Protein chains: 2
Amino acid sequence: MAHITVSVEYAIHCLLWLAISDDRALSSRDLAEFQGISPTFLAKILPKLEKAGIVGAHEGVRGGYRLARPASQISFLQIVDAIEGEKPLFDCQEVRRRCALYGDCPPKWASGGVCAIHAVMLQAEKAMRASLALQSLGDIAMRFNRIAPAKFFDEIDEWVDERMAIRTGRSGKPEA
Amino acid sequence: MAHITVSVEYAIHCLLWLAISDDRALSSRDLAEFQGISPTFLAKILPKLEKAGIVGAHEGVRGGYRLARPASQISFLQIVDAIEGEKPLFDCQEVRRRCALYGDCPPKWASGGVCAIHAVMLQAEKAMRASLALQSLGDIAMRFNRIAPAKFFDEIDEWVDERMAIRTGRSGKPEA
DNA sequence: ATAACGCGGACTGTATTGATCCCCGTTACG
DNA sequence: CGTAACGGGGATCAATACAGTCCGCGTTAT
């Protein structure tokens, strides 16, 4: 369990596939099966991206998710915040106010402003967030486009087509 | 519960007091009571600082801890690593290899090198660590010396003296 | 010899994370 | 129109990590 959780990892991978499969709505089940991750768990993650305005959701049959804006305008920081809700790197307990010499009410020079230790942590968090803000989903998508062979994108299209045919063409029984 | 835990917070506050009370060995119990934190929990934290070479421990009666080197040579990053053991900001699950199209063995263009998403997180972690490495315990100690009134340092000395008298002068019963 | 120390292991309780299940409202398609 | 595929949200559960406690051991001044 790390500070940036697997929920964020799943979210970014999903967004990457949405960025690559141009403007076709993919359902949470498709995204899960395509990547070998838990469908029910992914179904808890994608609504967070929708509420943050990163993806658009379409309900009902043939519904699914699309990017709400170009991948180049979606930063990693926005994704992390959408999933984890700006959880702080450090949770200051204000130990400085508990010094035995103060008794119950610490003097103002010891309790005013931001704790110096907290300030250091906030600066580190700021550096981390700035780094995440610099990278966009589009950057990663471009990198993927460079290294993946052209044939692979055709395979993706085929897989998605097959998926949609199974879901709606026949009813209920996939590949039985 | 944040990425940088309260153990780190306790550790830094203790180190700050050690830096201020010049070269007098303070016991873990003294440090705990002085700051209003759990003595038993603090007793689990200080040995980590000792194994990391940040403080020196002196066993036996009248024992305690001292800084192992000048406060200006102790960075926040060293303290965090000493307590948390270089725990990563992000734990990559290598989702990229699980794509349904690959079957059991993903192609080398998809599994080689570092995952692009992981690389972004590593860069953010590097930025955070660089920020923590820039700040030293000495910086905070100097800031504290500026804002705390001169009288306060005398009070600290008195408190420590009284403590040591109680522990060794009489036996067992503090202020009874 | 005693009692204050540091050190380490075993243990407990609680919060978070990862994950599952169920039910509801919505929507396309037959 | 009815059915079944969708998204959305709540209840629940297991595993893990964190915060904190307890006990016993070896060491060392007095």
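A quick note: this is a predicted structure, and the numbers were derived from the prediction, not measured. Just so we're on the same page: letters track the sequence lines, and every chain starts at 1.
- Protein atom CD of A/Glu59 is 5 Å distant from nucleotide atom C1' of D/dG7, rounded to whole Å.
- Ring pair B/Phe144/B/Trp17: centre-to-centre distance below 6.0 Å.
- Following rounding to the nearest Å, B/Ile83 (CD1) and D/dA17 (P) show an atom-to-atom distance of 18 Å.
- For the OP1/OP2 pair of D/dA19 and a distance below 4.0 Å, the side-chain nitrogens and oxygens of B/Tyr10 include no atom meeting the criterion.
- With a 4.5 Å cut-off between side-chain heavy atoms of Ile, Leu, Val, Met, Phe, Trp and Tyr, the cluster of A/Leu122 takes in A/Val114.
- Listed pair B/Arg62 / C/dA3 fails the phosphate criterion, with no side-chain N or O lying under 4.0 Å from OP1 or OP2.
- Put simply, B/Lys87 has a side-chain N or O that comes within less than 4.0 Å of OP1 or OP2 on D/dC18.
- Put simply, CG on A/Leu31 is 18 Å from P on D/dA5, counting in whole angstrom units.
- Residue B/Asp91 contributes atom CG, which lies 10 Å from atom P of C/dG18 at whole-angstrom precision.
- The backbone N or O of B/Gly53 sits less than 3.5 Å from a side-chain atom of B/Arg69, completing a donor-acceptor pair.
- Residue B/Ser28 places none of its side-chain N or O atoms closer than 4.0 Å to OP1 or OP2 of C/dC5.
- The shortest distance between the side-chain N/O atoms of A/Ser27 and the OP1/OP2 oxygens of D/dA5 is not below 4.0 Å.
- Contacts with DNA chain C (heavy atom under 4.0 Å) in residues 35-52 of chain B: B/Lys44, B/Pro47, B/Glu50, listed by number.
- Neither side chain, B/Ser7 nor B/Glu84, offers a donor N or O lying under 3.5 Å from an acceptor on the other.
- A/Trp159 and A/Phe152 have their aromatic ring centers separated by at least 6.0 angstrom.
- In this structure, B/Ile54 atom CD1 and C/dG6 atom C1' are separated by 17 Å, rounded to whole Å.
- Between B/His58 and D/dA29 there is a side-chain N or O to OP1 or OP2 distance below 4.0 Å.
- A salt bridge links B/Arg129 with B/Asp81; the closest basic N to acidic carboxylate O contact falls under 4.0 Å.
- Annotation: B/Phe90 is in aromatic contact with B/His118 [ring centroid separation under 6.0 Å].
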